[in-house]
Amino acid sequence: MALERVGFVGWRGMVGSVLRERMSAEGDWAGLEPEFFSTSQVGLPAPDVGVAAPPLGDAYEISRLARQQVIVSCQGGDYTKQVLPELRAGGWQGYWIDAASAKRMDDDSVIVLDPVNRDHIDRAIAEGVRNYVGGNCTVSLMLMALDGLFREGWVEWLSSMTYQAASGAGARGMRELVEQMRVIGDDARKLLDDSAASALEIDREVSESVRGAGLPTENFGAPLAASLIPWIDSPMEGGETREEWKAFAEGNKILASGTPIAMDGFCVRIGAMRCHSQAFTIKLRSDVPLDEIEGVLADANDWVSLVPNDKDSTLERLSPAAVSGTLDVPVGRVRKLRMGPDYLGAFSVGDQLLWGAAEPLRRILGILREHEG
Ligand code: HSE
């Protein structure tokens, strides 16, 4: 039976908004009977997506949610933990598509990243799996970037050092970063306007601003602009943060690896807006020639591209400034490392809200519609 009745929860937030934009850009609303749910504005008009939709439903009204064939939630893990068990307990057999991490590691869910694990997704649909969850942004962007290496089975282990954007901490994080930049810029304005002022004077001023009480840090708990924060999410037992732990846990679940691949590193928040970057140290299983590696990386999927390892190409194409707002996942700085011929280095960038969040959700909705169509 065609999937038409699709409910959206958390559609107003950042990931939900990017998802709606992408669905509009791809013409995905055609043939849908969407229903938008809200936790606070029940009865108000639905957003205009070009097809008819009733006024906003109550996001906690189980009977109304249960009329949907698919529910797409960008509302967060607490909502998932409360509502999904109630829906399932009432016998709801629909598809649950989720941006939150709450159900990611459960056995009855698949982490979706179809350019990488489409086979796994197709098998799961055939087997009747009903829960499809978007992966952690850093993990999804890593797997998109290194898709070719994993496909070939060349990776023995890898370490990723991340440079994660403010958007990963939500809309408030993005705002706080720019507010911090404003405070720093305002404080330094006089010195910047004075061509005789030395860099050390400017630095003193900036350091005072960064450490001063005037810098807003409610969200990050520390200065991010003109600084960085080498801690993302909660602590885990082994000394790693939850964000760092996800590379191994989620990465191997997405890859459906028979033997898990060791993946670990440090996750660092930096002052980019919405692109996560990562530097990789990769231990290959053998000494694969560099040109072969480059070919495999470049051809792995439609979004990854190989950036030549030179300064001009790197500055032009391999940065948050270049990639932000696009679906491109450039991989560059690819070279063999000094540790030996089976050690590879690479650097990649990807938009945290697109391939890191909304795009895999948009695409799994399309895949489910194809299957059921
Ligand atoms: N946890 C990620 C971050 C974002 O803090 O950057 C969501 O996957």
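Order of listing sets the numbers, starting from 1, for every ligand and every atom in it. All residue numbers refer to positions in the sequence shown, counting from 1.
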For residues 181-219, pull every pair meeting ring pair (Phe, Tyr, Trp, His ring centres under 6.0 Å), keeping only residues two or more places apart or in separate chains.
->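 Qualifying pairs, neighbours excluded: none.
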
Can we call the ring centroids of Phe37 and Tyr60 under 6.0 Å apart?
->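 That pair fails the under 6.0 Å test.
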
For the pair Phe347 and Tyr163, name the ring-plane relationship: parallel under 30°, tilted 30 to 60°, perpendicular over 60°.
->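 Because their plane-to-plane angle lies in the 30° to 60° range, the rings of Phe347 and Tyr163 count as tilted.
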
List the atom pairs, with distances to 0.1 Å, where a side-chain N or O of residues 337-346 and a protein N or O form a donor-acceptor pair under 3.5 Å, not counting sequence neighbours.
unit_1	atom_1	unit_2	atom_2	d
Asp342	OD2	Lys283	NZ	3.2

Show the atom names and distances, to 0.1 Å, of all donor-acceptor pairs under 3.5 Å that link a side chain in residues 134-144 to residues at least two apart or in another chain.
unit_1	atom_1	unit_2	atom_2	d
Asn136	OD1	Thr138	N	3.0
Asn136	OD1	Thr138	OG1	3.3
Asn136	OD1	Val139	N	3.1
Asn136	ND2	Glu243	OE1	3.1
Asn136	ND2	Glu243	OE2	3.2
Thr138	OG1	Gln164	OE1	3.3
Thr138	OG1	Gln164	NE2	3.3
Thr138	OG1	Glu243	OE2	2.9
Ser140	OG	Asn136	O	3.2

Between ligand 1 and the protein, which N/O pairs are shorter than 3.5 Å?
unit_1	atom_1	unit_2	atom_2	d
ligand 1	1 (N)	Glu243	OE1	2.8
ligand 1	1 (N)	Glu243	OE2	3.3
ligand 1	5 (O)	Gly168	O	3.3
ligand 1	5 (O)	Arg269	NH1	3.4
ligand 1	5 (O)	Arg269	NH2	2.7
ligand 1	6 (O)	Gln164	NE2	2.9
ligand 1	6 (O)	Arg269	NH1	2.8
ligand 1	6 (O)	His276	NE2	3.0
ligand 1	8 (O)	Asn136	ND2	3.3
ligand 1	8 (O)	Cys137	N	3.0

Qualifying residue for side chain to side chain contact (heavy atoms under 4.5 Å, CB included) with Ile254, from Val116, Val110, Val112 |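 With Ile254 as partner, side chain to side chain contact (heavy atoms under 4.5 Å, CB included) holds for just one option, Val116.
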
